[in-house]
Enquirer: 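For reference, the structure I am asking about is given below.
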Amino acid sequence: MNMEEIIRIKREGGVLTPSELKYFVRGYVAGEIPDYQVSALLMAIYFQKLTDTETAELTNLMRYSGDTVDLREIPGVKVDKHSTGGVGDKTTLIAAPIAASAGIPVAKMSGRGLGFTGGTIDKLQSIPGFRTALSPAEFIEQVKNIGISIIGQSGNLTPADKKLYALRDVTATVDDKSLIAASIMSKKLAAGSDAVVLDVKCGKGAFMKTLEDARTLSRLMVDIGAYAGKKTIAVISDMNQPLGCAVGNALEVREAVEILKGRGPSDIRELSIKLAGIMIYAGKAAASIDEGCEMAESAILSGAALDKFRELIKAQGGMPEVCDDTDLLALSDKQIEVHSEFEGYVNEIDGEKVGLASQHTGAGRVTKDDEVDHGAGILLNKKVGDFVRRGELLATVFSSDLDKAESAEREVIKSYRIGDGKAGEMMLIKDII
Ligand code: URA
């Protein structure tokens, strides 16, 4: 067997056997197969596609390409949550404490942000003192004690995905459904939870631009999860504008606290409650998704969800007082107000452009080693459907650097489309698979 033969088989539209896939994944992780050959294979896969069986096999090989997490010591049905990546998406900060307050153990490994989407770990690090690096023993002990821990991905988890994702990123092969499904599900399966709730984003600011594509990706991931014996449920949610009003790390934690207090923008509140409700159902604490959502609403109303977030922050060395006084989450000192040049209804806010603007402020990374400005970002004052007068405030840009703030300001202006007619109501949750 050799790599050239494997590339040729896929180039001609053939189906790779489990041993051919194993040869490629093992050889690549071991550094025996060069990037240029794997690039050629990825492009052949991009055009010829993988069958569902090949995708499931590739996922499995990637899952076991490095360490796996064993959560069996923690009693109960452990539930993980994953989003395919959205701008302003702070649902983990809300749904995870809600689910944990309803008795669902949440042992979650999250990522750092790269590109125009933010990462949960960067958001948590905007809380003074919060430690995102715990040892495996500390991580498990904390979930046993308080029912929740959120840490950065540590150790040698799914090295095949790390290498393949970095290569896909520079060879224009990221947006293939099989490769996305294998990438996400290999990480979720290696992370050891019993059930997985996926938030598949659909729209302009997402990998999946159409509902049909989002459904196909969701079914693929749900089938892979089920095949591995893990209950997997996917929510397809709209990504045609940023989620909520806050984009940027400290700004997003402030908004998450508002939602946990029963306030804040309705879109992020609705999606977080749905995801938490599904987590509660997947964790077998509710008999249906509707019942899970009712429990999630009650956890917000009673203050139990906010108390759990406080407990999580305290357990990981952070300042729990941010839950009572969000001004303790420092914002960058250079602030520019963006005013509307037009009058009319906001018809669109391009999420990708707002994400780029946020990256320009210093809230996101351009390369993986960049330092993040935790107080930087964008606060939207107008969302799709709102009426705006000429000169009215559209958004505020925060940065520690005035040049960066001005560059972000230009991007924010470009992201708004304002017209005479009001756009039709957008459905936030499009399907559950
Ligand atoms: N998120 C991932 O983890 N992998 C992908 O391929 C796409 C989104």
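In listed order, ligands and their atoms are each counted from 1. The figures that follow rest on heavy atoms only: side chains count, while hydrogens, waters and symmetry mates do not.
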Enquirer: May I ask you to check whether over 12 heavy atoms, not counting those of Lys261, lie within 6.0 Å of atom NZ?
Expert: yes
Enquirer: In terms of heavy-atom contacts, does CD of Glu371 have more than 12 from other residues, nucleotides or ligands at under 6.0 Å?
Expert: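 No, not enclosed.
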Enquirer: Please determine if Arg168 has a nitrogen or oxygen closer than 3.5 Å to a nitrogen or oxygen of ligand 1.
Expert: yes
Enquirer: So which heavy atom in the protein is nearest atom 1 (N) of ligand 1, and how far is it from that ligand atom?
Expert: Ile184 CG1, 3.8 Å
Enquirer: Relative to the heavy atoms of Phe207, which atoms of ligand 1 are at a distance of less than 4.0 Å?
Expert: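 Those qualifying, in numeric order: 7 (C), 8 (C).
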Enquirer: Within a distance under 4.0 Å of any heavy atom of Tyr165, pick out the atoms of ligand 1 and give their elements.
Expert: 4 (N), 5 (C), 6 (O), 7 (C)
Enquirer: Indicate whether the side chain of Ser178 and that of Thr55 have a donor and an acceptor atom separated by less than 3.5 Å.
Expert: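 A pair is found: one side chain offers a donor N or O, the other an acceptor, under 3.5 Å apart.
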Enquirer: Which atom pair, heavy atoms only, marks the closest approach of Lys201 to Ser83?
Expert: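 The answer is CE-OG, 3.7 Å.
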Enquirer: Testing Lys230, Lys108, Lys187 for salt bridge (charged side-chain N to carboxylate O under 4.0 Å, His left out) with Asp80, which one passes?
Expert: Lys108
Enquirer: Does Val174 come within less than 4.0 Å of ligand 1, judged by its heavy atoms?
Expert: no
Enquirer: By number and element, which atoms of ligand 1 are closer than 4.0 Å to a non-hydrogen atom of Ser183?
Expert: 2 (C), 3 (O), 4 (N), 5 (C), 6 (O)
Enquirer: Quick check: are there more than 12 heavy atoms from other residues, nucleotides or ligands sitting under 6.0 Å from CD of Glu4?
Expert: no
Enquirer: Going by the atom numbers of ligand 1, which of them fall below 4.0 Å from some non-hydrogen atom of Lys187?
Expert: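 Checking each atom against Lys187, I get 2 (C), 3 (O), 4 (N).
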